[in-house]
Protein chains: 2
Amino acid sequence: MGCNLNRPTLERLMQYYHYITEHLHPHPPDSANVSSVQIAELLGIDPAQVRKDLAAINVKGQPNVGYKISTVVESIRQCLGFDKNYNAVLIGAGRLGGAIACYDEFRFYGLKIAALLDNALQKIGTMIDGHKVQSVEMLEDIVQQQNIKLAILTVPAEAAQKLAERVTAAGIETIWNFSPTSLVMPDNVIVRNEHLSVGLAQLFYHLARRT
Amino acid sequence: MGCNLNRPTLERLMQYYHYITEHLHPHPPDSANVSSVQIAELLGIDPAQVRKDLAAINVKGQPNVGYKISTVVESIRQCLGFDKNYNAVLIGAGRLGGAIACYDEFRFYGLKIAALLDNALQKIGTMIDGHKVQSVEMLEDIVQQQNIKLAILTVPAEAAQKLAERVTAAGIETIWNFSPTSLVMPDNVIVRNEHLSVGLAQLFYHLARRT
DNA sequence: TAGATTGTTAATCGATTAACAATC
DNA sequence: TAGATTGTTAATCGATTAACAATC
């Protein structure tokens, strides 16, 4: 809501969320608390940073007690929009597209894969884990009828840019791109390129410095 | 080699690399150049930033001309370690594991999936796009025999932490984790959690601020 | 009360941007 | 030569860390 977050803060909040929901949440009773020092130590950061981040999403703690876990979790969910529901269209029913279509966790974040599209005739009409593969020709209709706000691309590099332009022409302004190419889009379109090689580069950089 | 890069610089270098190899590289003759302004405009950043980044990896430009494209590409590859060859073991032969095993681009970055492991009996012995699925029992032997430096995890959340510990016990100090859970590892282990929800959080945050 | 923890201001640190002389 | 672009120093900006009074 009234929270205005920068990128590092956003990333850290996601880490807190994972740490708390995976390691703390169900265990203690509903009223259980967590301190900034606990979180900070696990993540290897400064406790003041944690307090600043939580203050940024209007979470209030109690001196000598800490923060109420359920409040922290709910506030993060709300501020990051996980309590809303978004429909996405997934284009590209290859291996990666199939993996994402089946990714069960998305429902915890309010994301629903409303349609799975491909242009290969032999795939159209088949089922992938409950999702019927439809023709890419249906794109514009589906976007309009199902109030789609997000397009997820898992197509070959050659097809990605053209498809991204078609998707935005159809009215979608947010693209999550898993195709192995960097999309070049006007500023009004939100693009997140999830190119595997970026992660690889970081790992290699540290690997090389070690051996 | 003598390059010491921070995280933002590393990420930007990867962007330059993609932009140049995808949009510029093969087109002009080998001697063709690119200027910091060209790169900066496309990526929406400051030209001085580009010059700083290239200086950080010891790339020299020519006043009034720019930077030689082939030099830029080669220097990035060398500094990020793409000119070396690394063997990885991929654990988890599900949909996502299959997608990664088949990911052809890895060879441009010097990464080879040397082994694909799973613990499901019905998968062991089957072929996935040229990779024979082997039992997880083979992990320690394979790591030793094939000089494996990197483990890629695409397993269910419940299995990830235990497996990560087993992998490090076997001598691997770098983990690329695609399992939907955050690994908690000692500082000497390099972990990159590629949790999809982090990307999703950023997209949602911007989406919510728009509508 | 004593001890622990928050909330926040001030100090530090580091990264980005501006500016411009040097150079082709 | 004039114009464009690099390389780098200085100025700015923003994020992180230190410190500590307020509070339970």
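Per chain, numbering begins at 1; letters A, B, ... match sequence-line order. Keep in mind that the numbers below use all heavy atoms, side chains included, and drop hydrogens, waters and symmetry copies.
- Along DNA chain D, the stretch of nucleotides lying under 4.0 Å from any heavy atom of chain A spans, 5' to 3', dA15(D) to dC24(D).
- A169(A) is linked by a side chain to side chain contact (heavy atoms under 4.5 Å, CB included) to nothing, counting only residues two or more places apart in sequence or in another chain.
- With 3.5 Å as the limit, one finds a donor-acceptor pair spanning the side chains of R77(A) and Y17(A).
- Residue contacts for R7(B): at a heavy-atom cut-off of 4.0 Å it reaches no nucleic acid atom on any strand shown.
- Note on T9(B): nothing from the nucleic acid sits closer than 4.0 angstrom, heavy atoms only.
- Identified under the salt bridge (Lys or Arg N to Asp or Glu O under 4.0 Å) test for residues 168-188 of chain A, with sequence neighbours left out: E173(A)-R210(B).
- Checked against side chain to side chain contact (heavy atoms under 4.5 Å, CB included), D46(B) has the following partners two or more places apart in sequence or in another chain: A48(B), Q49(B).
- For residues 38-55 of chain A, proximity to DNA chain C is found at R51(A), K52(A), defined as any non-hydrogen atom under 4.0 angstrom from a strand atom.
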Just the dot-bracket of DNA chain C, please: which string comes out with Watson-Crick or G-U pairs under 3.5 Å, [ ] for crossing, | for another strand? ..||||||||||||||||||||||
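- Residues satisfying the side chain to side chain donor-acceptor pair (under 3.5 Å) test with Q38(B), not counting sequence neighbours, are none.
- For R51(A), the side chain to side chain donor-acceptor pair (under 3.5 Å) test picks out S36(A), with sequence neighbours left out.
- For Y16(B), there are no ring pair (Phe, Tyr, Trp, His ring centres under 6.0 Å) partners, not counting sequence neighbours.
- Residues meeting the side chain to side chain donor-acceptor pair (under 3.5 Å) test with D83(A), sequence neighbours left out: none.
- Residue pairs meeting the side-chain hydrogen bond (donor to acceptor under 3.5 Å, both in side chains) criterion with at least one partner in residues 89-108 of chain A, sequence neighbours excluded, are D104(A)-R107(A).
- Residues passing the side chain to side chain donor-acceptor pair (under 3.5 Å) test with S179(A) are N177(A), sequence neighbours excluded.
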